[in-house]
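This report refers to the structure that appears directly beneath it.
The basis for the numbers below is simple: all heavy atoms, side chains too, and nothing from hydrogens, waters or symmetry mates.
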Amino acid sequence: MKKRRGWQIVAGVVLLALMGLVGVYLALNKELEGLRQEVLQEPDLLALEDGSYEGDFDAKIVSAKVRVEIKDHQITKIILLEHRNGQGKAAEALPQKVVEGQSLQVDLVSGATYSSIVILKAIEEALTGP
C-alpha cells in the first residue's frame, strides 16, 4: 500500500510540473504571436541630429539592443549590441538592409520572424523614442 501511494505522489508532482511547463509555453507563445501585430513607426530622419542613438526591445525570450549612427540625416551604421534569440540568428542581417534602404520597411527574414520584428522595433525605439 505504501509503495502505491508513493508512486501516486510522484505521478501527481510530475503531472503538476508538466501542467506548469505547458502554461509557461502557452504564455510565451501568446507573447510572441503578439509581435506579429506590432506596427513600425518610420523615423523622421530629417528631425534627427548627427550622433549615436541606442534602443532596445524585449519580447521575453527574444530581445535586441542596437546603436544607430546618424550623419547628415542618414543612417550610416547600425550596430547590434545584443540579440537574444532562439533560432533567429539569421535576422542579424536586417540592420544592414535598414541602412541600405534608409527605412524600417524591409522584408522580414524567413524562419526568423520574431527576431526580425524585435530588431526592427529596437531600431525604431532608438530613432523615435519609447
Side-chain angles (χ1 to χ4, degrees):
M1 183 77 159
K2 287 186 180 182
K3 276 188 176 181
R4 179 177 286 166
R5 182 160 190 162
W7 281 106
Q8 289 172 341
I9 291 172
V10 169
V13 169
V14 168
L15 183 61
L16 286 173
L18 287 174
M19 288 172 53
L21 288 174
V22 168
V24 168
Y25 169 79
L26 291 174
L28 289 174
N29 194 46
K30 184 177 180 182
E31 179 84 21
L32 290 175
E33 283 301 317
L35 283 175
R36 292 181 184 272
Q37 306 307 315
E38 289 286 341
V39 176
L40 291 169
Q41 178 185 343
E42 195 66 39
D44 180 4
L45 295 177
L46 295 176
L48 294 171
E49 296 182 16
D50 291 356
S52 295
Y53 298 83
E54 287 193 8
D56 60 72
F57 192 82
D58 188 352
K60 306 294 186 250
I61 61 173
V62 180
S63 64
K65 183 175 183 178
V66 298
R67 179 179 302 126
V68 182
E69 304 289 334
I70 300 290
K71 183 161 174 70
D72 297 326
H73 306 291
Q74 293 199 354
I75 302 169
T76 58
K77 186 176 193 179
I78 300 174
I79 301 165
L80 188 57
L81 301 171
E82 294 175 25
H83 179 215
R84 189 182 57 192
N85 64 83
Q87 300 173 350
K89 188 151 179 67
E92 293 178 3
L94 280 179
Q96 184 58 38
K97 291 183 179 188
V98 171
V99 172
E100 291 167 1
Q102 295 295 300
S103 171
L104 297 177
Q105 304 306 314
V106 296
D107 291 335
L108 303 180
V109 176
S110 179
T113 303
Y114 300 132
S115 282
S116 296
I117 295 167
V118 165
I119 290 170
L120 291 172
K121 290 298 285 183
I123 295 168
E124 172 195 50
E125 201 272 340
L127 298 177
T128 62

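Between Lys97 and Val106, the closest heavy-atom pair is O-CG1, 3.9 Å. Minimum heavy-atom separation, Glu125 to Asp56: OE1-N, 3.3 Å. Across all non-hydrogen atoms, the minimal contact from Gly55 to Ala126 is N-CB, 3.5 Å. In terms of heavy-atom proximity, Ile119 sits nearest to Ala64 at CG1-CB, 3.9 Å. The two residues His83 and Ser115 make their nearest non-hydrogen contact at NE2-OG, 3.0 Å. The two residues Val118 and Ala59 come nearest to each other via the heavy atoms CG2-CB, 4.0 Å.
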Checklist line | salt bridge (charged side-chain N to carboxylate O under 4.0 Å, His left out) evaluation trace for Glu92 with Lys89 | finding: CA-CA 6 Å; Glu92 293 178 3; Lys89 188 151 179 67; 3.1 Å; yes

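Under the 4.0 Å criterion applied to side-chain N and carboxylate O atoms, Lys121 and Glu124 are assigned as salt-bridge partners.
The closest side-chain heavy-atom distance from Ile70 to Ile75 is below 4.5 Å. For the pair Gln105 and Leu40, the minimum side-chain heavy-atom distance is below 4.5 Å. A 4.5 Å side-chain heavy-atom check between Val99 and Thr76 finds every atom pair outside the cut-off.
Distance check, rounded to the nearest 0.5 Å: CD of Gln96 to NZ of Lys77 gives 10.0 Å. In this structure, Leu48 CG and Leu127 CG are separated by 5.5 Å, a value rounded to the nearest 0.5 Å. Annotation: the span from Lys65 atom NZ to Phe57 atom CZ amounts to 15.5 Å, rounded to 0.5 Å. Rounded to the nearest 0.5 Å, atoms CD1 (Ile78) and CD (Glu69) are 10.0 Å apart. One finds the CG atom of Leu108 at 6.5 Å from the CG atom of Leu120 (value rounded to the nearest 0.5 Å). Ile123 CD1 to Thr128 OG1: the interatomic distance, rounded to the nearest 0.5 Å, is 11.5 Å.
Between the side chain of Ser116 and the backbone N or O of Val109, at least one donor-acceptor pair lies under 3.5 Å. At least one donor-acceptor pair under 3.5 Å links the side chain of Asp50 to the backbone N or O of Asp72. For the pair Arg84 (side chain) and Lys60 (backbone), a donor-acceptor distance under 3.5 Å is present.
Under the 4.5 Å side-chain heavy-atom criterion for grouping Ile, Leu, Val, Met, Phe, Trp and Tyr, Leu81 is not connected to Leu104 through any hydrophobic cluster.
Within 6.0 Å of the CG atom in Asp107, the count of heavy atoms belonging to other residues, nucleotides or ligands does not exceed 12.
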